[in-house]
> 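Okay, handing you the structure first.
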Amino acid sequence: MLKLRAFRPTNEKIVKIELHPTHPWLVTSDDSDHVSVWNWEHRQVIYELKAGGVDERRLVGAKLEKLAEGESEIKGKPTEAIRGGSVKQVNFYDDDVRFWQHWRNRSAAAEAPSSVNQQLVSSAPAPSTRGRHFVVICCENKAIFLDLVTMRGRDVPKQDLDNKSLLCMEFLSRSATGEGPLVAFGGSDGVIRVLSMLTWKLVRRYTGGHKGSISCLMTFMTSSGEALLVSGASDGLLVLWSADHGQDSRELVPKLSLKAHDGGVVAVELSRVMGGAPQLITIGADKTLAIWDTISFKELRRIKPVPKLACHSVASWCHPRAPNLDILTCVKDSHIWAIEHPTYSALTRPLCELSSLVPPQVLAPNKKLRVYCMVAHPLQPHLVATGTNIGVILSEFDARSLPAVSPLPTPSGSREHSAVYVVERELKLLNFQLSNTPSPSLGSTGSLSEGGRSRAETFEQLLVKQMKKHISTPVPHDSYSVLSVSSSGKYVAIVWPDIPYFAVYKVADWSVVDSGTGRLLAWDTCRDRFALLESALPSRMPIIPKGGSSRKAKEAAAAAQAAAAAAASAASSATVQVRILLEDGTSNILTRSIEGRSEPVIGLHGGALLGVAYRTSRRISPVAATAISTIQSMPLSGFGNSGISSFTASDDAFSSNKSSVAEAAPQNFQLYSWETFQPVSGLLSQPEWTAWDQTVEYCAFAYPQYIVISSLRPQYRYLGDVAIPCATGAVWHRRQLFVATPTTIECVFVDAGVAPIDIETKKRKEEMKLKESQARAVAEHGELALIAVDGPQTVTQERISLRPPMLQVVRLASFQHAPSVPPFITSPKQSKVDSEDSVLPKEFEERKISEIAVGGGGVSVAVTRFPAEQKRPVGPLVVVGVRDGVLWLIDRYMCAHALSLSHPGIRCRCLAAYGDAVSAVKWASRLGREHHDDLAQFMLGMGYALEALHLPGISKRLEFHLAMQSNDLKRALQCLLTMSNSREIGQENVAVGVSEILSLADRPENPVSKPENLVDAVQGIVKFAKDFLDLIDAADATAQADIAREALKRLAAAGSVKGALQDQELRGLALRLANHGELTRLSGLVNNLITAGQGREAAFSAAVLGDNTLMEKAWQETGMLAEAVLHAHAHGRPTLRNLVQAWNKMLQKELELTPSAKTDAAAAFLASLEDPKLTSLADAGKKPPIEILPPGMVSLSAPITIQKKTAPVTQGTLQQSSKPLQLEAPTAAVEGSTPDQSALPAAAISAPVPTPPGEPISSAATAPDPSSSGVSDPVAPAESAEPPVSSPVQTSPESTPQIVDNQAAIVQTSPTGSDSTVR
């Protein structure tokens, strides 16, 4: 239950402390008058100043500001230079503080039976602070107003307030027009002075009430709706004043004066009483605490909480984990004290020992912790901050515990809903319903209140009528209880985990049908059966008294150890039973124990499966052990959903969430079947709570930092997790999960999408259905029933597309006030702030315009995508669910609250998630059209693509996507034609020639309208080319050939433009044209592509067309001769020789034109001088042409004849020319080839190279007959590659050919003048 949330060590004593209601801010003042604002969530100091003396930084800042504003001469002493004196009080003040102070007073007053509707008749709260966040410091000599947004301050010296010391302050909740926010200061002379924060001047005084100095001030509201100010002073009097400032009076006299405490009143606090008028709690210097009624103003009770010690702080407290504790107080020791049943028994007991929470190293061995101030969080009662002599301690008390209330199912047709709850030892029924029907057009967004904000921004946006009834059946215990209802709603189970005891009541007559000892209970969501952790009663641990003899202390310690051992053995021996409740109301045991694991059970979670959490072996730190021993006097042990003992402090006190990571690691959670009691899955991490859908389609497991959401049908599938930390509970409503956290209410819209397993399951079900119908037909009519007559059948081909799961989180409510921009951020002069009130009406008019627009037919249209966040009810909440179109919540005071879901952005989503997509589209007419795309995406994620097409405001791009998803391909085509502006392109009557299309891209500024339209259309088609291809495929899959043909026409027209479509798109276009038999368009596409120079795509299209001639033409005319040669050779084309010649010529040109690698011009020039110039034709033979041939093809040219004088090697070659040629070794081939040539393994490279003298030249193959090979030249060199199979291979026996590579070889021949062929 007890945990350290945050700790900030200090060297000084913290004597004043205050928490901000909505931001994680905490302001403190120590005994040396240093004030600091601390963010306790991020553990950062936001601001620090020395308030008691003169803060030099603020003084310098004020002087710089004045210089910046043009005031060169400083007139008089600045207020920042005045010494503040001792700090008497610190407070936050902004719109959040103002709102929640007003709400607290109003809700406390509305509890009284005589003021059922008082919460609605209250006037508007004080004027807004316009987005500024003030820290207000009340010092003896001045009041400091520091804005945390701009870090600019305003000091009000006591000279402006009759020169009297300021001892305390309070912000007044109501003020007259034109005065702005008001703050009242209690003076040392017994007079209360009221300062306007708009004019910074004194506006009125409260006089004649006190004779001593005023020590505390507080505003509250009576049950009759009257606003009062109560003051306590050193004279011991409690004085009541009117705080309604409608009248403009400068001097106000007291309404009532009471003698409260001898020696003076120290503090006053307002206490909200369930079902009664609010009460006042006062503490005084006489060490007593008094409770006062606010109707008769009589003293109800007076106690001395801690003997011999005076209380210095008091707080009203209402926490479901400790239902009987209503007041917290502090004295100068190390405890927070709690008062149980303050009006009758008034037992005081220590709630916690703070020294057990702080790290041991912080507390010196001989130093004792002392508490000097305490405050409870106004909106989150589980947080309590204390100021001590070692620092600030923020404690957290079991944030997960919920009020003892459980909603009952509403009978069909009834508008009245009910919930059962336990208060003290009584069972009561809460009936609640809406007392008004919101406007059907817009709900709470439609009308504006006089304050200028829409009613959705105020807290009570829906009127709730509620009534509490007493049930005659008493309950046996008044300690902490957990309520739960069976799936049918016929039974209610109550568990008192601290006793431990449980009872099951029948709702019809509230009779007990089952009871016994038990700590945990969980219901099945499908039948009226429950699992119960039955345990023997552990013996109570004795309290170790302070002091006494050592022998008694040892005996007590031994007894405590024995009791702890007995408790541990009782817990380990506890077993999980499963019982079922039959129709006659009897309880029967299904199994006495679920055989699973031997570890003790620490958690039960109900649902479609039974979840059991086991305790794993875990180290208990000495700090945790100390915490357990100090709170043993209170029966607040662990309960149902807590994974570890509730007292355990985190091991590292400086980090609040450190232990959550370590605790999430162990796999100690097992799911069991309710039918077989066998494990269903492997071990999981234990969740804090589980929520299962009523239809058993979805489930949610909550962990400290996130919620895991899974789909259950057709099989378990993880959908994702949503980052909602510290969630306390949730309720499913079809595909909506409404989640409550300590500060917000969230809605998670969930859809599982479509996975392959879903399609497979659907097919399997259809097959089973077909088999069943056939079997039924055979049973009825015999085998003849299976004979089918073939006839014209229309087969509807449905294209099922996969859809990913969708999780969307929308925040419905929070504590935050709607932020506004402070006006003086842009205006530096302070004087402009004073006259800012005149801008209010104008701003309200602008806000009014921005919130609501009126559509056609006078329908109010919401301009915002989602509504402004509504105000979350205070404290822990039980989520009831959606009924009557609103989300119902019940708070700790057993009050029902309704959150509006009528904003069209929320209502449309809720209807779609519920399954009523048609109504969602109808409601969308009330949503601004700029938000229809967003809504359509949501409906698509929910699986309603067809219905989302009817939204009037969706964009064409999204409309196309939705039409594709819903198989409305005709509409998808229309969207594409509109988006691409291509309705006229591709029509038969619009003839677009190749030259015209090609010239389109080069002349976009053509004045003629028709070509300009063509340019736009082609550009549009190119932009959406992928969508055109997808549409064609979808039309092919569903046999809608006409739609595919229309799309193909446009795409083919765009494909003809040079550089328009990408390579992949052009290939896809060619394949689809061929698939549709559009051979004319395909051949036209090829010709256009050839003209556009896209040879590769043109050849691919020609290949799809099956036209070899067209393929070669495509390659040849676009310069891709290598592909043309290989294709012609592979297919034996007659054009092979011409292609090879053209290819080699092109290669030769490229080789000659290859630039030098040297880029320096001078170096290139010098290099050119060194190269020998050609002096005769004989030198040209030294640079022979390169010839690259496909394998098996003879050389194209005869050997080049060279004069004999060029080289002496020719003598040898001529003498041996009659001998057969021999192939060179592969090394010679590498030496004689260029890198480009060696990279082509499929071609033979032949080049005349000079041969060393004396080396014989031979050939492995004779050249085939020129007539058979198609070579017209009778003179040809020897071919180095393998000859064709048909030609014989002639080799000489003495010269065996050395062929290493069968793909290519190089034959070196010397130029010869003989005209004989090589044999």
Side-chain angles (χ1 to χ4, degrees), residues 799 969 973 976 980 982 985-988 991-995 997-998 1001 1017-1018 1021-1136 1139 1143 1190 1242:
R799 192 172 57 94
L969 301 186
L973 177 64
L976 265 187
S980 60
S982 60
I985 291 288
Q987 301 295 335
E988 308 301 338
V992 183
V994 177
S995 58
I997 287 182
L998 288 178
V1018 169
I1021 296 170
V1022 168
K1023 185 177 179 183
F1024 299 104
K1026 188 176 183 303
D1027 298 319
F1028 271 104
L1029 292 173
D1030 291 343
L1031 177 62
I1032 294 165
D1033 291 344
D1036 290 344
T1038 51
Q1040 301 181 51
D1042 51 342
I1043 292 175
R1045 203 170 293 116
E1046 287 294 321
L1048 267 174
K1049 288 177 188 177
R1050 273 82 183 174
L1051 204 55
S1056 306
V1057 180
K1058 180 178 182 180
L1061 296 181
Q1062 302 296 320
D1063 302 350
Q1064 200 68 27
E1065 293 164 351
L1066 284 167
R1067 292 173 192 169
L1069 171 62
L1071 283 172
R1072 287 162 180 82
L1073 281 170
N1075 187 31
H1076 280 263
E1078 298 272 354
L1079 303 184
T1080 308
R1081 287 185 189 276
L1082 189 56
S1083 59
L1085 176 70
V1086 175
N1087 290 324
N1088 286 347
L1089 288 172
I1090 291 171
T1091 315
Q1094 292 179 296
R1096 194 178 300 276
E1097 283 66 39
F1100 181 84
S1101 305
V1104 174
L1105 195 61
D1107 190 338
N1108 284 328
T1109 310
L1110 203 55
M1111 283 178 69
E1112 287 180 12
K1113 180 186 175 186
W1115 277 320
Q1116 192 171 0
E1117 294 194 8
T1118 55
M1120 303 176 67
L1121 292 168
E1123 289 84 350
V1125 167
L1126 290 174
H1127 174 267
H1129 179 67
H1131 291 273
R1133 303 278 302 156
T1135 56
L1136 174 64
L1139 287 171
W1143 184 31

> Write down the atom of Leu1069, the atom of Leu1029, and the distance for their closest heavy-atom approach.
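Taking Leu1069 first and Leu1029 second, the nearest heavy atoms are N-CD2, 4.2 Å.
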> Could you walk me through whether Asp1042 and Gln1040 pass the side-chain contact (heavy atoms from CB on, under 4.5 Å) test, one step at a time?
CA-CA 6 Å; Asp1042 51 342; Gln1040 301 181 51; 4.2 Å; yes
> How far apart are the closest heavy atoms of Ala1052 and Leu1073, and which atoms are they?
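Smallest heavy-atom distance, with atoms named: CB-CD1, 4.3 Å.
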> Which pair of heavy atoms, one from Ala1099 and one from Met1111, lies closest together, and at what distance?
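It is O-CG, 3.7 Å.
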> Enter the distance from Asn1075:CG to Asp1036:CG here, rounded to the nearest 0.5 Å.
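Here the rounded value is 5.5 Å.
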> Between Glu1112 and Leu1139, does a side-chain contact (heavy atoms from CB on, under 4.5 Å) hold up when you go through it step by step?
CA-CA 9 Å; Glu1112 287 180 12; Leu1139 287 171; 4.0 Å; yes
> Carefully, step by step, assess Leu1051 and Ile1032 under the rule side-chain contact (heavy atoms from CB on, under 4.5 Å).
CA-CA 10 Å; Leu1051 204 55; Ile1032 294 165; 4.2 Å; yes
> For a quick test of reading the model, state the closest non-hydrogen atom pair linking Ala1054 to Ile1021 and the distance between them.
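Here Ala1054 and Ile1021 meet closest at CB-CG2, 3.5 Å.
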> For the atom pair CD (Glu1046) and CG (Leu1031), what is the distance rounded to the nearest 0.5 Å?
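Nearest 0.5 Å value for the CD-CG distance: 10.5 Å.
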> Can you measure from CD (Glu1123) to CH2 (Trp1143) and round to the nearest 0.5 angstrom?
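So the CD of Glu1123 and the CH2 of Trp1143 are separated by 9.0 Å.
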> Look at Arg1045 together with Glu1078 and state whether they make a salt bridge at an N to O cut-off of under 4.0 Å.
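Here Arg1045 pairs with Glu1078 in a salt bridge, since their nearest N and O are under 4.0 Å apart.
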> Show your working on side-chain contact (heavy atoms from CB on, under 4.5 Å) between Leu1066 and Ser1101 and close with a plain yes or no.
CA-CA 8 Å; Leu1066 284 167; Ser1101 305; over 6 Å; no
> Search all heavy atoms of Leu1082 against all heavy atoms of Ala1074 and return the closest pair with its distance.
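Residues Leu1082 and Ala1074, closest heavy atoms: CD2-CB, 4.0 Å.
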> Hey, does Asn1108 have a side-chain heavy atom less than 4.5 Å from the side chain of Arg1133?
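A side-chain contact exists here, since the closest heavy-atom pair is under 4.5 Å.
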> Does some side-chain heavy atom of Asn1087 sit less than 4.5 Å from a side-chain heavy atom of Lys1113?
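Yes, at least one pair of side-chain atoms sits under 4.5 Å.
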> Distance check, rounded to the nearest 0.5 Å: Phe1028 atom CZ versus Leu973 atom CG?
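If I round to the nearest 0.5 Å, the distance is 7.0 Å.
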> So, do Leu1071 and Phe1100 sit near enough that their side-chain heavy atoms are less than 4.5 Å apart?
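They are in contact (side-chain heavy atoms under 4.5 Å apart), so the answer is yes.
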> Taking all heavy atoms of His1076 and all of Ala1044, pick out the closest pair and write down the distance.
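Of all heavy-atom pairs spanning His1076 and Ala1044, the closest is CE1-CB, 3.3 Å.
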> If I take atom OG1 from residue Thr1080 and atom CG from residue Leu1085, how far apart are they, to the nearest 0.5 angstrom?
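Taking OG1 in Thr1080 and CG in Leu1085, the distance rounds to 12.5 Å.
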